[in-house]
Asks: 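Once you've had a glance at the structure underneath, I'll fire off some questions.
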Amino acid sequence: MKRLVLAIALASLAAQPFGGAAAPRARQCPTVAVSCPDTVKHGEPATFTASIDNAPAGAKLTYNWDVSAGTITGGQGTSSITVDTTGLDGNSILTATVEVGGLPETCAKVAACTSAIPQFIFHDKIDEYGNIKFEDEKARLDNFAIELLNSPEFVGYIVGYGGRRSRRGEAARRIARAKRYIVTVRGVPAERIVTIDGGYREDLTVELRLRVKEMQPPEPVPTVDPNEVIFINPAPKRGPRRR
């Protein structure tokens, strides 16, 4: 047994370089990784960033990115890219893959990261009212404007219907007034508000709807044939009383 132990010890010494120094370890490969958000809100840009741990000193690294969906709008060729998610379906995933050049040939050079795009649920019709006083209407329009200001991916639609008995152009005037209030008083950009004259219903009706920019505008749903509408002439203006 002593001879066996001595033989192992001599073999270990023989494997070391002259002078007793330990043999150099094999160089570790750099670690390539990509970081990204867990989820990305529909229509918002997504950022993917590559990191290289233990990269060789002085290495000239290159970055070639590829994405499974969306469009790379900036950063191609660098360690970080921005991806436009506009138009992507909800409940989908976005994967960005990078291949890093300039690393040792035997080392892994590719890494990826995946972000989820949750299913987008939009409110569509968020309010509906009839021939109410303008002071009461303002409160409804204020809530509508807040939704728009907090959600830049939305377009607001104001759909108006004249009543079976109504004045000519009454619905068009009502929705134009509503838009003017939201733009001038609440500060919503005019291009984010679309007015639609929907025809006629039993009573004057205004609908406030929200849809993402990529969606088609809502289709009006009139319930009264224009030929059945009775137009009321506006009341004549009264002149000053004569004494």
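Just so you know, these numbers use all the heavy atoms, side chains as well, and skip hydrogens, waters and symmetry mates.
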Asks: Could E170 and R173 be called an ion pair, given the rule that one side-chain N must be under 4.0 Å from one carboxylate O?
Replies: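 Between R173 and E170 there is no salt bridge, as every charged N stays at least 4.0 Å from the carboxylate O atoms.
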Asks: For K109 and L103, indicate whether the former's side chain and the latter's backbone hold a donor-acceptor pair under 3.5 Å.
Replies: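 No; zero donor-acceptor contacts below 3.5 Å.
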Asks: Side chains of I81 and T47: does their closest heavy-atom pair fall under 4.5 Å?
Replies: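 Side-chain contact under 4.5 Å: no.
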Asks: Please indicate whether D38 has more than 12 foreign heavy atoms, meaning atoms of other residues, nucleotides or ligands, lying under 6.0 Å from its CG.
Replies: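 12 or below, so no.
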Asks: Indicate yes or no for a side-chain donor-acceptor contact from T195 to the backbone of A176 under 3.5 Å, with no hydrogens or angles considered.
Replies: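 The answer is no, because no donor-acceptor pair under 3.5 Å joins these two groups.
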Asks: Side chains of R164 and Y200, heavy atoms from C-beta outward: is any pair under 4.5 Å?
Replies: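 When only atoms from C-beta onward are counted, Y200 and R164 do not touch, as no gap falls below 4.5 Å.
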Asks: Do F48 and T82 come close enough that some side-chain heavy atom pair is under 4.5 Å?
Replies: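 With C-beta onward as the side chain, the pair stays apart.
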Asks: Under 4.5 Å between side-chain heavy atoms, hopping through other hydrophobics if needed: is there a path connecting V155 to Y181?
Replies: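 In one cluster: no.
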Asks: Please list all pairs passing the salt bridge (Lys or Arg N to Asp or Glu O under 4.0 Å) test where one or both residues lie in residues 182-197, with sequence neighbours left out.
Replies: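 Non-adjacent pairs meeting salt bridge (Lys or Arg N to Asp or Glu O under 4.0 Å): D142-R186.
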Asks: Taking the side chain as everything from C-beta on, heavy atoms only, tell me whether R174 gets closer than 4.5 Å to L204.
Replies: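 Sidechains of L204 and R174: in contact.
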Asks: Assess whether side-chain contact (heavy atoms from CB on, under 4.5 Å) is satisfied between I126 and N143, documenting all intermediate values.
Replies: CA-CA 9 Å; I126 67 168; N143 293 332; over 6 Å; no
Asks: Indicate the atoms forming the closest heavy-atom contact of Y129 with L141, along with that distance.
Replies: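 It is OH-CD2, 3.7 Å.
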Asks: Is the shortest heavy-atom distance from the side chain of Y157 to the side chain of L210 under 4.5 Å?
Replies: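 SC-SC contact between Y157 and L210 ruled out.
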Asks: So L149 and V188, do their side chains get closer than 4.5 Å, heavy atoms only?
Replies: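 The answer is yes; the side chains approach within 4.5 Å.
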Asks: If I take atom CZ from residue R168 and atom CD1 from residue I232, how far apart are they, to the nearest 0.5 angstrom?
Replies: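 Nearest 0.5 Å value for the CZ-CD1 distance: 11.5 Å.
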Asks: Which is it for L208 and E128 under the side-chain contact (heavy atoms from CB on, under 4.5 Å) test, yes or no, and what are the steps along the way?
Replies: CA-CA 6 Å; L208 304 179; E128 178 180 320; over 6 Å; no
Asks: Salt bridge between E207 and R209, side-chain N to carboxylate O under 4.0 Å?
Replies: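 Yes, charged N to carboxylate O under 4.0 Å.
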Asks: Okay, side chain of T114, backbone of T95: is any donor-acceptor separation there less than 3.5 Å?
Replies: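 Answer holds: no.
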Asks: Yes or no on side-chain contact (heavy atoms from CB on, under 4.5 Å) for S68 and L94, after CA distance, side-chain angles and deciding distance?
Replies: CA-CA 6 Å; S68 62; L94 168 60; 4.2 Å; yes
Asks: Of all heavy-atom pairs between A190 and V183, which one has the smallest distance, and what is that distance?
Replies: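 Minimum heavy-atom contact is CA-CG2, 3.8 Å.
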Asks: Which distance, rounded to the nearest 0.5 Å, do you find between the OG1 of T39 and the CD of E44?
Replies: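 Reported to 0.5 Å precision, the distance equals 9.5 Å.
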Asks: Above 12 or not: heavy atoms from other molecules or residues under 6.0 Å from CD of E219?
Replies: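 At most 12 heavy atoms, drawn from other residues, nucleotides or ligands, come within 6.0 Å of this atom.
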Asks: For D127, enumerate each residue passing the side-chain hydrogen bond (donor to acceptor under 3.5 Å, both in side chains) test, keeping only those at least two apart in sequence or located in another chain.
Replies: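 By the side-chain hydrogen bond (donor to acceptor under 3.5 Å, both in side chains) rule, D127 matches R140.
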Asks: Can you tell me how far apart CD1 (I175) and CD1 (I196) are? Round to the nearest 0.5 Å.
Replies: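 Interatomic distance, I175 CD1 to I196 CD1, rounded to 0.5 Å: 8.0 Å.
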Asks: Are I182 and I158 side-chain neighbours, meaning at least one heavy-atom pair lies under 4.5 Å?
Replies: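 Contact flag for I182/I158 side chains = yes.
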Asks: Give a yes or no answer on whether the side chain of S166 reaches the backbone of G162 with a donor-acceptor pair at less than 3.5 Å.
Replies: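 No, the answer is negative, given that no donor and acceptor are paired below the 3.5 Å cut-off.
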Asks: Does any N or O in the side chain of T78 come within less than 3.5 Å of the main-chain N or O of Q76, such that one atom is a donor and the other an acceptor?
Replies: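 No, because the side chain of T78 does not come within donor-acceptor range (under 3.5 Å) of the backbone of Q76.
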Asks: Any side-chain heavy atom of N54 within less than 4.5 Å of one from T31?
Replies: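 They are not in contact (no side-chain heavy atoms under 4.5 Å apart), so the answer is no.
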Asks: Is it the case that R177 places NZ or CZ above or below the six-membered ring of F134, under 6.0 angstrom from the centre and within 45 degrees of the axis?
Replies: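 Satisfied, under 6.0 Å and within 45°.
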Asks: Can you give me the closest heavy-atom contact between P220 and G198, atom names plus distance?
Replies: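 Heavy atoms only, the tightest pair is CB-CA, 3.6 Å.
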Asks: Nearest 0.5 Å, please: how far is CZ in R165 from CZ in F231?
Replies: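 Those atoms lie 12.0 Å apart.
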Asks: Quick one, D203 with N131, criterion side-chain contact (heavy atoms from CB on, under 4.5 Å). Give me CA distance, side-chain angles, the key distance, then yes/no.
Replies: CA-CA 8 Å; D203 300 302; N131 191 18; over 6 Å; no
Asks: Given E153, which partner from the list K41, K213, R211 fulfils the salt bridge (Lys or Arg N to Asp or Glu O under 4.0 Å) test?
Replies: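 Answer after filtering K41, K213, R211: K41.
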Asks: Would you say V194 and V221 are hydrophobically clustered, going by side-chain heavy atoms of ILVMFWY under 4.5 Å?
Replies: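 In one cluster with V194: V221, yes.
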Asks: Would V185 and I146 show up in the same hydrophobic cluster when neighbours are defined by side-chain heavy atoms closer than 4.5 Å?
Replies: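 Unlinked, V185 and I146 end up in two clusters.
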Asks: Looking at OG of S115 and CD1 of I93, how far apart are the two atoms once the value is rounded to the nearest 0.5 Å?
Replies: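 Answer rounded to 0.5 Å: 10.0 Å.
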Asks: Are V206 and F154 joined in one hydrophobic group, where the rule is that I, L, V, M, F, W and Y side chains link up if heavy atoms are under 4.5 Å apart?
Replies: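 Yes, it is one cluster - the side chains of V206 and F154 are joined through contacts under 4.5 Å.
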Asks: Locate the shortest heavy-atom distance separating A59 from G102; write the atom from each residue and the value.
Replies: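 Answer, listing the atom of A59 first, then G102: CB-O, 4.0 Å.
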Asks: Can you name the closest pair of heavy atoms from A50 and V98 and give their distance?
Replies: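 Looking at all heavy atoms of both residues, the closest pair is CB-CG1, 4.1 Å.
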Asks: Of the non-hydrogen atoms in Y161 and A171, which two are nearest, and what is the gap between them?
Replies: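 Of all heavy-atom pairs spanning Y161 and A171, the closest is C-CB, 3.7 Å.
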